Amino acid sequence: MRRVTVRNATFQQWETLLTNRTKRHRAGHVLVQGVRPLTLAVEAGLPVREWLVDGDRTLSAWASELTARVRAPRFAVAPELMRELGGKDDAAPEVLAVVGLPDDDLARIPARAADDGAPLLAVALDRPTSPGNVGTVARSVDAFGGHGVVVTGHAADPYDPKAVRASTGSVFAVPVVTAASAEAVVDRFDAGAPLQVVGTDEAGDVELADVDLTLPTLVVTGNETRGLSAQWRDACDVVARIPMRASAASSLNMASATAVVLYEALRQRPSV
């Protein structure tokens, strides 16, 4: 097991996976932090390229079992360097991993009914700028039984460390992919079965509760500042509004609005 105690070239490569989107995707790797993200990445069968462990401590039962499940080169890393890579201000994480990124392919999301027999329920995010919002939406899709997330247009990276942390690892549990345009997404899902595209907007045509979300549905949530693009708005079969009590808030943010729609879909699909 190699030891890394200084900020050498190996450390700098790991640091680049956290800070440089272009190099992260060129390498096809992400540095995974946190107990649940690490566990879900391994359970998803993603290839572990390297294990990084705190060189000054004995691993816990969880970490020992996890690192034994997948054979990969191990590095004993100085605690202060583990703290930097783990984004920690206090205790250093005991284990991190360099993991291969999942395929960025729309085909990972079922075009028809999913394996669980439920009609499609997927989310498209229109040019999100916040990695945290992308990760939070992935977590909501996972929690409410959705089948995938598509990030469209010029947008935040779904595998930015902030997105992975906000998702608590759900970016590895549900398919999260990117697409250049609304047209590419709709063409993919329309090819499988009739599809309902439901946009969200505070000035939507109908209240959310009046939309039949038991149908195969693609939920579209617009950019945090500018809302739905003209391209996505044209692709929508219906634009729904979420009723709110009078207050200073004129709308919900991207992640909150998407979670509300997904909850309503779950409410309407009690047997799924």
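We're numbering straight along the sequence, starting at 1. Keep in mind the model is a prediction, meaning the values are calculated, not measured.
You'll find the side chain of Leu125 reaches within 4.5 Å of the side chain of Val134, heavy atoms only.
For the atom pair CE of Met244 and CG of Leu252, the computed distance is 5.5 Å after rounding to the nearest 0.5 Å.
In terms of modelled atom types and a separation under 3.5 Å, the side chain of Asp126 and the main chain of Leu228 share no donor-acceptor contact. Of the possible polar contacts, one joining the Asn20 side chain to the Thr22 backbone as a donor-acceptor pair under 3.5 Å is found.
There is a side-chain donor-acceptor pair under 3.5 Å between Ser60 and Glu94. Remark: the Arg36 side chain and the Thr168 side chain contain an N/O donor-acceptor pair separated by less than 3.5 Å. Residues Thr217 and Gln196 bring a donor and an acceptor atom of their side chains to less than 3.5 Å of each other.
Between Asp54 and Arg3 no salt bridge is recorded (no basic side-chain N to carboxylate O distance below 4.0 Å). The residues Asp205 and Arg241 are annotated as not salt-bridged, no charged nitrogen and carboxylate oxygen being separated by less than 4.0 angstrom. Salt bridge status for Glu264 with Arg267: present, with a side-chain N to carboxylate O gap under 4.0 Å.
For residues 131-141, every residue pair satisfying the side-chain hydrogen bond (donor to acceptor under 3.5 Å, both in side chains) rule, not counting sequence neighbours, is listed here: Asn133-Glu224. Among residue pairs with one or both ends in residues 64-73, those qualifying as side-chain hydrogen bond (donor to acceptor under 3.5 Å, both in side chains) are Thr67-Arg74; sequence neighbours excluded. Within the structure, ring-ring contact (aromatic ring centres under 6.0 Å, His included) contacts touching residues 44-72 (residues at least two apart or in different chains) do not occur.
Judged as a side chain to side chain donor-acceptor pair (under 3.5 Å), and not counting sequence neighbours, the contacts of Asp157 are Arg24, His25. For Asp160, there are no salt bridge (Lys or Arg N to Asp or Glu O under 4.0 Å) partners, not counting sequence neighbours.
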- Query: When you look at Val185 and Thr152, which way does the side chain to side chain contact (heavy atoms under 4.5 Å, CB included) test go after all the steps?
  - Reply: CA-CA 8 Å; Val185 180; Thr152 66; 3.8 Å; yes
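Other cluster members for Leu96: Val4, Phe11, Trp14, Leu17, Leu18, Leu31, Leu52, Phe75, Val77, Leu81, Met82, Leu85, Val98, joined by side-chain heavy-atom distances under 4.5 Å among Ile, Leu, Val, Met, Phe, Trp and Tyr.
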